[in-house]
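Contents: one structure, followed by commentary.
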Amino acid sequence: MTQRRVILSGSTFEREIGYARAVVDGDRVHVSGTTGFDYTTMTISDDVVEQAEQCLRNIRAALAEAGCSLADVVRVRYLLPRREDFEPCWPVLRRHFGAVRPAATMQVCGLADPRMKIEIEVDARLPASPGAGR
């Protein structure tokens, strides 16, 4: 039987909307679309690059709680309201994912709050336990 576990970040969005920051389902970790809000203060920068950095800090925290890291990411989705905001984020994304090379998609779409300039969603796999036969 596959075990399912939810991870909460403390974001007011999770409580108000009714979702988890991440769900661990067996060896898979699904991290919800994560914005550039600092969830401890519920503040957000006006700068898209800083928002991308904060997204990745938030994602890294959820992955760590699940038992993995950015190195275990197999899929990433970038959601931005303005396509011209994507390229300035490339150095940040390359620094975090350049060695990992997950499958990736970028989509231009509206986000829930006009202050949000980027949202990042990832899927990862938990590392194999020693002796697990993987």
Side-chain angles (χ1 to χ4, degrees):
M1 185 80 133
T2 300
Q3 284 193 305
R4 184 178 184 275
R5 177 170 57 103
V6 299
I7 295 171
L8 304 175
S9 71
S11 160
T12 57
F13 297 125
E14 293 167 18
R15 184 181 66 252
E16 291 172 3
I17 300 170
Y19 69 96
R21 173 63 39 219
V23 175
V24 181
D25 186 23
D27 69 345
R28 298 181 187 274
V29 181
H30 308 278
V31 181
S32 294
T34 302
T35 66
F37 272 93
D38 176 333
Y39 295 131
T40 58
T41 62
M42 288 309 290
T43 58
I44 192 167
S45 170
D46 288 333
D47 180 66
V48 69
V49 175
E50 177 49 39
Q51 284 192 29
E53 289 279 12
Q54 184 64 50
C55 288
L56 292 166
R57 283 190 290 272
N58 295 339
I59 290 167
R60 193 179 311 114
L63 290 172
E65 191 170 335
C68 58
S69 71
L70 290 175
D72 300 302
V73 171
V74 296
R75 177 89 174 129
V76 61
R77 291 169 197 84
Y78 304 107
L79 309 167
L80 296 96
R82 294 169 22 103
R83 84 179 71 250
E84 54 272 11
D85 282 344
F86 189 47
E87 190 169 349
C89 297
W90 290 0
V92 170
L93 305 175
R94 185 173 47 251
R95 185 166 22 90
H96 291 282
F97 293 119
V100 179
R101 302 292 177 131
T105 300
M106 183 277 214
Q107 181 177 356
V108 175
C109 61
L111 299 178
D113 183 313
R115 295 173 293 173
M116 297 172 180
K117 296 183 178 184
I118 186 169
E119 185 170 317
I120 302 173
E121 174 186 344
V122 304
D123 295 317
R125 294 196 62 177
L126 292 171
S129 302
R134 256 212 251 166

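One-based numbering along the sequence shown.
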Next on the checklist: Looking at Asp46, I'd like to know if its CG atom is crowded, meaning that more than 12 non-hydrogen atoms belonging to other residues, nucleotides or ligands lie closer than 6.0 Å.
Outcome noted: no
Report yes if the side chains of [X] and [Y] come closer than 4.5 Å at any heavy-atom pair, otherwise no.
| X | Y | result |
| --- | --- | --- |
| Arg21 | Ser32 | yes |
| Ile118 | Cys89 | yes |
| Val24 | Gln3 | no |

Please tell me whether [X] and [Y] are part of a single hydrophobic cluster in this structure, the criterion being side-chain heavy atoms less than 4.5 Å apart.
| X | Y | answer |
| --- | --- | --- |
| Met106 | Val92 | yes |
| Trp90 | Val108 | yes |
| Ile17 | Ile120 | no |
| Val29 | Val6 | no |
| Leu70 | Val74 | no |

Item to check | Ion pair Glu50/Arg57, N-O distance below 4.0 Å | outcome: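 Here Glu50 pairs with Arg57 in a salt bridge, since their nearest N and O are under 4.0 Å apart.
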Item to check | Short N-O contact, Glu65 and Arg5, less than 4.0 angstrom | outcome: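 Salt bridge absent between Glu65 and Arg5.
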Working to the nearest 0.5 Å, report the span between [atom1] of [X] and [atom2] of [Y].
| X | Y | atom1 | atom2 | result |
| --- | --- | --- | --- | --- |
| Ser11 | Met42 | OG | CE | 4.5 Å |
| Thr34 | Glu121 | OG1 | CD | 8.0 Å |
| Ser9 | Ile59 | OG | CD1 | 11.0 Å |
| Gln51 | Asp47 | CD | CG | 7.5 Å |
| Leu56 | His96 | CG | NE2 | 5.0 Å |
| Leu93 | Glu53 | CG | CD | 9.0 Å |

Checklist entry - Do Arg94 side-chain atoms and Ala99 backbone N/O form a donor-acceptor pair below 3.5 Å? => result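 Checked: no pair found.
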Considering all heavy atoms, the nearest [X]-[Y] contact:
| X | Y | result |
| --- | --- | --- |
| Lys117 | Val48 | CB-CG2, 3.7 Å |
| Val49 | Pro88 | CG2-O, 3.4 Å |
| Leu126 | Gly26 | CD1-O, 3.5 Å |
| Leu111 | Pro81 | CD1-CD, 3.6 Å |
| Pro127 | Gly67 | CD-O, 3.5 Å |
| Ala62 | Ile7 | O-CD1, 3.6 Å |

Next on the checklist: Does Leu63 form a side chain to side chain contact (heavy atoms under 4.5 Å, CB included) with Ser69? I'd like the steps, not just the answer.
Outcome noted: CA-CA 5 Å; Leu63 290 172; Ser69 71; 5.6 Å; no
Next on the checklist: Run Arg77 and Gln107 through side chain to side chain contact (heavy atoms under 4.5 Å, CB included) and show every step you take.
Outcome noted: CA-CA 8 Å; Arg77 291 169 197 84; Gln107 181 177 356; over 6 Å; no
Item to check | His30 and Asp123: CA distance, side-chain angles, deciding distance, side chain to side chain contact (heavy atoms under 4.5 Å, CB included) verdict | outcome: CA-CA 5 Å; His30 308 278; Asp123 295 317; 3.0 Å; yes
Next on the checklist: Parallel, tilted or perpendicular: which one describes the rings of Phe37 and Tyr39, with boundaries at 30° and 60°?
Outcome noted: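 Judged by the thresholds at 30° and 60°, the geometry between Phe37 and Tyr39 is parallel.
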Item to check | Working for side chain to side chain contact (heavy atoms under 4.5 Å, CB included), residues Val31 and Asn58 | outcome: CA-CA 10 Å; Val31 181; Asn58 295 339; over 6 Å; no
